[in-house]
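Inspection log for the structure reproduced underneath, given as C-alpha cells.
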Amino acid sequence: MSEVQRSLKVPELEQAFMNDDHHEAARLLEAVGRAREEGDDHAVREAFAAFVEFNREHFAREDELMERVGFPQKDYHRQEHAAHLARWEALLAGLEDGSLQGADLVSALDDEIIPWYQRHFTTMDALLARFAERAAGE
C-alpha cells in the first residue's frame with residue numbers, strides 16, 4: 001500500500017458520481033506518488049497534470065449539482081474549489097518551468113493536497129451529497 005493509499009480515505013457518499021470521482025482523484029494522486037518513487041520527474045508532471053485536469057472537470061460536475069439542487073453553501077464550496085485549483089495550477093506551472101521538482105510536489109501532496117482533500121470529502125462534499133439526496137426525495 002502506498003503513502004497516498006494510506007493517507008487518503010475516500011468515504012462513500014450519497015452521490016455515486018462523487019464517489020467515482022473521488023476514487024479517481026485518489027488513483028491519480030497514487031500515480032503521482034508512483035512516478036515520484038520511480039524518480040521520473042516527467043512522469044510526475046504528467047500525472048499531476050492529469051490530476052489537475054480531472055479535478056477541473058470534477059469541480060464543474062459538483063458546481064452543476066450545487067446549482068441544480070440549490071445548495072445553500074454553494075458559494076463557499078465553489079471558492080474552496082477555485083482556491084485549491086489555482087494552487088494546484090501554480091504547482092503544475094512550477095513543475096513545467098523547472099522552478100519546482102518532483103520532491104517539492106510530494107511535500108505539497110503530504111502537507112496540503114491530501115489533508116485538504118480528506119477534509120473536503122468528509123465535510124463539504126458530504127454535506128452536498130446529503131443535501132442533494134434529500135432534495136431528490138422531495
Side-chain angles (χ1 to χ4, degrees):
M1 181 181 291
S2 77
E3 192 62 35
V4 171
Q5 289 172 323
R6 282 191 296 272
S7 299
L8 191 58
K9 307 288 188 261
V10 180
E12 293 300 312
L13 305 176
E14 289 88 345
Q15 296 294 308
F17 89 88
M18 292 172 82
N19 293 327
D20 293 345
D21 281 5
H22 294 161
H23 285 289
E24 179 64 6
R27 187 193 69 74
L28 290 167
L29 285 173
E30 174 67 19
V32 175
R34 271 194 316 275
R36 182 60 196 136
E37 288 169 7
E38 294 167 3
D40 185 344
D41 279 349
H42 176 73
V44 168
R45 264 190 319 278
E46 293 302 310
F48 191 64
F51 170 78
V52 172
E53 181 56 33
F54 175 78
N55 276 283
R56 186 177 290 113
E57 296 165 4
H58 165 62
F59 293 162
R61 282 188 286 277
E62 283 191 5
D63 289 350
E64 188 278 325
L65 175 63
M66 288 187 284
E67 193 64 40
R68 184 166 28 93
V69 300
F71 186 54
Q73 292 87 14
K74 69 183 173 190
D75 292 338
Y76 179 77
H77 199 139
R78 284 183 179 149
Q79 289 170 1
E80 284 260 311
H81 288 168
H84 288 276
L85 191 57
R87 170 67 175 140
W88 301 341
E89 288 169 342
L91 290 169
L92 182 57
L95 291 171
E96 290 171 345
D97 71 17
S99 63
L100 197 66
Q101 300 302 310
D104 301 315
L105 181 61
V106 170
S107 293
L109 286 173
D110 291 342
D111 298 340
E112 298 174 39
I113 297 170
I114 291 170
W116 176 80
Y117 232 129
Q118 190 68 62
R119 281 189 310 274
H120 192 75
F121 286 163
T122 58
T123 58
M124 294 303 297
D125 284 352
L127 288 170
L128 171 58
R130 279 193 298 275
F131 185 90
E133 185 68 15
R134 288 185 187 132
E138 292 178 357

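Note that the numbering runs from 1 along the sequence shown for the chain. Remember, it's a predicted structure, so these values are computed and weren't measured experimentally.
Residues passing the salt bridge (Lys or Arg N to Asp or Glu O under 4.0 Å) test with E24 are R27, sequence neighbours excluded. Here H81 pairs with F59, H77, H120 under the ring-ring contact (aromatic ring centres under 6.0 Å, His included) rule; sequence neighbours left out. Residues satisfying the salt bridge (Lys or Arg N to Asp or Glu O under 4.0 Å) test with D20, not counting sequence neighbours, are none. Considering only residues two or more places apart in sequence or on other chains, E57 meets the salt bridge (Lys or Arg N to Asp or Glu O under 4.0 Å) condition with none of them. With sequence neighbours excluded, the residues that form a side-chain hydrogen bond (donor to acceptor under 3.5 Å, both in side chains) with R61 are D21. Listed by chain and number, the residues in a side-chain contact (heavy atoms from CB on, under 4.5 Å) with E46 are H42 (sequence neighbours excluded). Residues meeting the side-chain contact (heavy atoms from CB on, under 4.5 Å) test with T122, sequence neighbours left out: P11, Q118. Taking the ring-ring contact (aromatic ring centres under 6.0 Å, His included) definition, one finds that F121 meets it with H22, Y117, sequence neighbours left out. For the salt bridge (Lys or Arg N to Asp or Glu O under 4.0 Å) test, no residue two or more places apart in sequence or in another chain qualifies with D125. Partners of A129 according to the side-chain contact (heavy atoms from CB on, under 4.5 Å) rule, which considers only residues two or more places apart in sequence or in another chain, are L13, E14, Q15, M18.
Listed by first and then second residue, the salt bridge (Lys or Arg N to Asp or Glu O under 4.0 Å) pairs involving residues 112-124 are R87-E112 (not counting sequence neighbours). Annotation: salt bridge (Lys or Arg N to Asp or Glu O under 4.0 Å) contacts involving residues 69-81, sequence neighbours excluded, comprise D63-R78, E67-K74, E67-R78.
For an aromatic pair to be called close, the ring centres must be under 6.0 Å apart, and F51 with F48 satisfies this.
Here the side chains of V69 and F131 are in contact, with some heavy-atom distance below 4.5 Å. The closest side-chain heavy-atom distance from R36 to D41 is below 4.5 Å.
Rounding to the nearest 0.5 angstrom, the gap separating the CG atom in L29 from the CD1 atom in I113 is 6.5 Å.
Closest heavy-atom contact between P115 and L109: CD-O, 3.6 Å. The two residues L28 and F54 come nearest to each other via the heavy atoms CD1-CB, 3.4 Å. In terms of heavy atoms, L105 sits closest to L91 at CD1-CD1, 4.2 Å.
A salt bridge links E30 to R34: one of the charged nitrogens lies within less than 4.0 Å of a carboxylate oxygen.
Between H84 and W88, the angle of the ring planes lies from 30° to 60°, which puts this pair in the tilted group.
For N55 (side chain) and V52 (main-chain N/O), no donor-acceptor pair under 3.5 Å exists by modelled atom type.
Within 6.0 Å of CZ on F17 lie more than 12 heavy atoms contributed by other residues, nucleotides or ligands.
One hydrophobic cluster holds both L100 and L85 under the rule that ILVMFWY side chains link at heavy-atom gaps under 4.5 Å.
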